[in-house]
Amino acid sequence: MKTILRWILPVLLAANGLFMLLAPGAWYPAVPGVTETGPYNPHFVRDIGAAYLACAAGLGWWAAGRGAGAVIPVAVFLGLHMAVHFLEAVLGHHAAGDIGRDFVGVYLPALIAIWIGWRGVKSEA
C-alpha cells in the first residue's frame with residue numbers, strides 16, 4: 001500500500017502535464033478557475049505542462065526509492081506556484097474562495113512535495 005501511495009502524486013502530475021502538452025485547448029476550460037486567470041495562450045499552457053512533467057519525474061525518482069534529492073526542485077516549483085495562488089487571493093487579485101477551490105490541485109501537491117523534500121533532506125543529513 002505504501003508503494004502505491006508514493007506513486008499517486010507523480011502519476012497525477014504526469015497526467016496533468018501530458019494533458020497540458022497534448023491538448024492545451026481542452027485543458028484550459030476543463031480546470032476550474034483557469035479561464036479567470038487571463039486569455040488562453042497555448043504556448044504558456046504547454047510550458048507549464050512541461051514543468052509538471054519535470055515535477056512528475058522528480059517525484060517518480062523518489063517513489064522508485066532513488067532518494068529525495070530530486071524532490072527539492074519539485075518542492076520549489078510547486079511551492080512557488082502555491083505562493084502565487086495564495087498571494088493573488090490574499091491581495092484581492094482573485095477571490096479568497098479560490099484558495100478552497102485550488103486546494104486539491106495546487107496547495108496539496110505543493111505541501112506534499114515540500115514535506116517529502118524536507119523529510120528527505122533531514123534524513124540524509
Side-chain angles (χ1 to χ4, degrees):
M1 182 64 162
K2 188 176 178 181
T3 302
I4 292 170
L5 290 174
R6 293 184 90 146
W7 284 100
I8 291 173
L9 187 55
V11 167
L12 291 174
L13 291 177
N16 185 54
L18 285 172
F19 188 15
M20 293 173 85
L21 280 170
L22 300 175
W27 178 89
Y28 186 77
V31 179
V34 170
T35 58
E36 299 165 26
T37 65
Y40 170 64
N41 180 332
H43 178 91
F44 185 69
V45 172
R46 285 188 177 109
D47 281 347
I48 303 304
Y52 271 93
L53 279 178
C55 289
L59 283 164
W61 185 264
W62 166 77
R66 306 214 188 277
V71 178
I72 300 305
V74 175
V76 170
F77 170 73
L78 293 177
L80 289 172
H81 181 224
M82 176 181 69
V84 167
H85 277 253
F86 181 75
L87 287 172
E88 286 186 348
V90 168
L91 296 174
H93 299 293
H94 294 286
D98 288 0
I99 294 171
R101 182 201 63 212
D102 295 343
F103 186 78
V104 171
V106 175
Y107 294 86
L108 190 57
L111 294 170
I112 291 169
I114 291 166
W115 178 74
I116 292 166
W118 178 260
R119 279 193 64 212
V121 167
K122 206 171 159 185
S123 69
E124 292 172 7

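Residues: numbered from 1 along the sequence shown.
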Co-membership, hydrophobic cluster, residues [X] and [Y], 4.5 Å side-chain:
| X | Y | answer |
| --- | --- | --- |
| Ile114 | Ile112 | yes |
| Leu12 | Tyr107 | no |
| Leu13 | Val76 | no |
| Phe103 | Ile99 | yes |

- Item | Stepwise side-chain contact (heavy atoms from CB on, under 4.5 Å) check, Val71 with Trp118 | CA-CA 9 Å; Val71 178; Trp118 178 260; over 6 Å; no
- To the nearest 0.5 angstrom, please state how far the CZ atom of Phe19 sits from the OH atom of Tyr52. 13.5 Å
- Message: How long is the straight-line distance from CG of Asp98 back to CD of Glu36, given to the nearest 0.5 Å?
- Response: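 The CD atom of Glu36 sits 6.0 Å away from the CG atom of Asp98.
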- Query: Which of parallel (below 30°), tilted (30 to 60°) and perpendicular (above 60°) describes His85 and His81?
  - Reply: perpendicular
- Give the intermediate values and the outcome of side-chain contact (heavy atoms from CB on, under 4.5 Å) for residues Tyr40 and Val45. CA-CA 8 Å; Tyr40 170 64; Val45 172; 4.2 Å; yes
- Item | Heavy-atom neighbours of Phe86 CZ exceed 12 at 6.0 Å |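 No, not enclosed.
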- Task: Could you tell me whether the side chain of Met20 reaches within less than 4.5 Å of the side chain of Ile48, counting heavy atoms only?
- Result: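 Ile48 vs Met20: side chains touch.
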- Derivation and outcome, side-chain contact (heavy atoms from CB on, under 4.5 Å), residues Val84 and Leu80: CA-CA 6 Å; Val84 167; Leu80 289 172; 5.6 Å; no
- Work out which heavy atom in Gly49 is nearest to a heavy atom in Leu21; give both atom names and the distance.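 Closest heavy-atom pair between Gly49 and Leu21: C-CG, 4.2 Å.
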